[in-house]
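Side chains are part of it too, since the values below use all heavy atoms of this structure and drop only hydrogens, waters and symmetry mates.
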Amino acid sequence: MNTCYVEGQFDAVVIGAGHAGAEAALALARTGNKTAMLTLNLDSVAFMACNPSIGGTAKGQIVREIDALGGQMGINADGALLQIRMLNKGKGAAVQSLRGQEDKNLYHRLMKATLENTENLKILQGEAVEILTDGNKVTGVKTAFGGILECKTVVLATGVYLNGSVIAGEWRKSAGPNGFAPANELTESLIKLGFNVRRFKTGTPARVDARTIDWDKLEIQEGETDVFPFSFLGNEVPVTQRPCYLTYTNEQTHDIIRANLHRSPLYSGTIKGTGPRYCPSIEDKVVRFADKDRHQLFLEPEGGDTNEIYVQGLSTSLPHDVQKAMYRTVKGLEHCEIMRYAYAIEYDCIDSLDLYPSLEFKKIEGIFCAGQLNGTSGYEEAAAQGLIAGINASQKLKGLPPLVLGRDEAYIGVLIDDLVTKGTNEPYRMMTSRAEYRIVLRQDDCDFRLTEKGRAVGLVSDERYSSYLKRKEERERANAEMNVSVRPSEAEALLNKYGYEKPQQGLTKSDLVKRGIPLNKIKEAFGGFDGVSEQILLTVELDAKYEGYLQKALDQIEKAKRLEEKAIPDDIDYLAIKGLRLEARQKLDKIRPKNLGQAGRISGVSPADIAVLMVVLGR
């Protein structure tokens, strides 16, 4: 056994340096806390173990929210862009999302450099094996080398490394993603501290050699240069971008899969962990959607310095010989050479119902949890939780209340509320459909919703805040311009072009937008909006276009807030409230909601139970 020694004294220790750990460490250090970030391997800092992209449906909103709060993901994603596109352009603004194809090695280098050059932050390669406590308070972290990192708070951001096990066919190996070493000792410490540990599973497709792909057979998908970047500090996206390509599986692909299902760990019983419903393996798709004769695949570059191509949509844990045959049935991949085979990975994670909305563990003071450890999937979801966990660990160190975002304030608020109120029995993925107020959570106005909050907790820099104030002033000027009236005679030609008769009275520019006339056409016809950026023009146009829906949503939010404002005492004895159904008593006692709004969102708690609670609180 290693002799123990004190590695150092810190305000906070972050365990893990993936997307959650990186944001947590930066948030803590940037708010003035002496912080240590412990990682199994410095080469895996912010590593993209699966898809080489950031953003996507609902995830693009999360990246911009991270940026608005003072986080780093958006800045470095912009710095490593190979391609960027706006998804769902043909749909409403509430479901449109940015998605960036990233140079994964460059993103890793950018984030590692950011961390290495951050004041108050020490980066250390090593394995955490035990969380040390005194009573119900955390006191430090012990490493496999016997080093003790004394601290007052810990952020657990272990990703998929806890007892990680990589599986392909009959082959299994104790490992983290991409061949990195797993963390095999920390789970035991977590169980002793009272964490409920579960087993989840995820996977990744093969990477193929670009030189062996018949590109002429594939549908090209170019990037877009008329969209804004992820970070509100950025102005424009790259003019030159790398294309992606589209292809499909076919019946021959599916026949090979069906003929080898007995060799699939998913169906042989080798894999015990619960996998992601919304990102299934190809064998899962073939079984569950037997009526489909093909499934869409995207070929995406892994970076500017490699020939590796990521085959999105063809994730599998089938044996290597089956993978090779299967991939070569796909149009354009008939002669492909696989550089890295696909695999599944099982790992330990916790029950997120054991956490407060601040992401602090209920049973031990000072332990915060973030990322895939909490049962989520995705880089963006992990980074968002890491940011909030880091902020709240910092707030705790300063004796200040935690930052808890509401469901009406951010997708991050929806994400965390779902985790700590409803829990998850499978890897959780954020989608726009999870947000009941998504019309007010658009990606174009994240900074107006969140930058003041980031500034209040000390994370938004002067540079970022100055940029925000400039945008705020532009928006105010643009809104004033939207209320400028246009005489009927002036508006007649433009209205006729869009199928409207001459108006009987003057209309404001906002009225014209509501009639479906693009703001840029209104600007061309009547001028105004001098010095207002394209991003702000988009925001004021959407505000006008969706004014009725926005007002309806704001009215719903006001009603919901009345329940959110009714706090529930921490010491309430739910089990003794006879008017509550037994299931409601048990669920309320386990989750310990902070207010009636949160109580009402718990699965198994009915409106009748809330009515009983209101009576009890009224007494």
Side-chain angles (χ1 to χ4, degrees), residues 18-19 44 46-57 59-60 76-77 80-85 87 98-109 159-160 166 168 176-180 202-215 217-223 241-249 253 276 278-285 295-318 320 323-324 326-345 377-380 382 429:
H19 303 283
S44 65
F47 183 73
M48 294 182 178
C50 196
N51 55 311
S53 67
I54 283 176
T57 306
K59 295 167 180 279
N76 288 354
L81 277 178
L82 293 173
Q83 182 199 97
I84 191 165
R85 299 177 66 239
L87 303 186
L98 282 173
R99 183 180 189 276
Q101 201 65 39
E102 303 291 328
D103 184 323
K104 64 193 298 181
N105 289 329
L106 177 55
Y107 185 86
H108 151 74
R109 293 197 302 273
V160 298
V166 171
N178 201 54
F180 291 118
T202 188
T204 188
R207 278 66 160 176
V208 299
D209 191 330
R211 297 169 299 177
T212 62
I213 296 172
D214 192 342
W215 299 104
K217 293 183 178 180
L218 308 178
E219 297 176 40
I220 193 167
Q221 196 169 59
E222 301 282 3
Q241 300 182 18
R242 289 276 296 273
C244 295
Y245 292 84
L246 179 64
T247 186
Y248 298 88
T249 62
T253 319
Y278 301 104
C279 189
S281 65
I282 189 62
E283 53 265 43
D284 224 7
K285 291 180 190 176
H295 293 282
Q296 189 171 256
L297 308 175
F298 289 96
L299 302 189
E300 304 171 348
E302 291 253 303
D305 60 350
T306 177
N307 287 327
E308 290 185 71
I309 299 295
Y310 179 91
V311 187
Q312 186 196 133
L314 209 52
S315 177
T316 184
S317 57
L318 284 163
H320 287 189
Q323 288 187 38
K324 189 170 186 176
M326 175 180 72
Y327 273 74
R328 288 185 172 182
T329 63
V330 175
K331 185 178 179 180
L333 302 183
E334 293 90 346
H335 306 289
C336 76
E337 292 292 343
I338 294 176
M339 298 176 73
R340 301 186 201 228
Y341 280 91
Y343 61 84
I345 182 168
S377 67
Y379 310 142
E380 304 82 4
R429 177 182 177 181

Which label fits Y107 and H19: parallel for a plane angle under 30°, tilted from 30 to 60°, or perpendicular past 60°? tilted
Could you tell me which non-hydrogen atom of [X] sits nearest to which non-hydrogen atom of [Y], and how far apart they are?
X    : Y    : value
E222 : P243 : OE1-CB, 3.8 Å
I54  : E380 : CA-OE2, 3.4 Å
P301 : C244 : CD-SG, 4.0 Å
Y327 : A206 : OH-N, 2.8 Å
A342 : T204 : CB-O, 3.1 Å
K59  : S377 : NZ-O, 4.0 Å

When E300, R85, Q221, Q241 are each screened for side chain to side chain donor-acceptor pair (under 3.5 Å) with Q101, the one that passes is E300
Hey, could you give me the [atom1]/[atom2] distance between [X] and [Y], rounded to the nearest 0.5 Å?
X    : Y    : atom1 : atom2 : answer
T306 : M339 : OG1   : CE    : 5.0 Å
E102 : H108 : CD    : NE2   : 14.5 Å
D209 : I338 : CG    : CD1   : 11.0 Å
D103 : L81  : CG    : CG    : 10.0 Å
K104 : D305 : NZ    : CG    : 11.0 Å
Y341 : S317 : OH    : OG    : 15.0 Å

Any donor-acceptor pair under 3.5 Å from [X] side chain to [Y] backbone:
X    : Y    : value
W215 : A210 : yes
K217 : T247 : no
Y245 : G332 : no

| Taking side chain as C-beta onward, heavy atoms only, is V311 less than 4.5 Å from V330? | no
Check whether any side-chain heavy atom of N51 lies under 4.5 Å from a side-chain heavy atom of F298, and answer yes or no.
no
Residues at least two apart in sequence or cross-chain that pass side chain to side chain contact (heavy atoms under 4.5 Å, CB included) with T249, listed by chain then number, are T253, H254, I282, R294, H295, L297, L314
- Is the number of heavy atoms from other residues, nucleotides or ligands under 6.0 Å of R328 CZ greater than 12? yes
Test side-chain contact (heavy atoms from CB on, under 4.5 Å) on T316 and Q323 and set out the steps.
CA-CA 8 Å; T316 184; Q323 288 187 38; 3.8 Å; yes
Review point. Would C50 and Y379 count as a side-chain contact (heavy atoms from CB on, under 4.5 Å) if you check the C-alpha gap in whole Å, the side-chain angles of each, and the deciding distance to 0.1 Å?
Key: CA-CA 9 Å; C50 196; Y379 310 142; 3.7 Å; yes
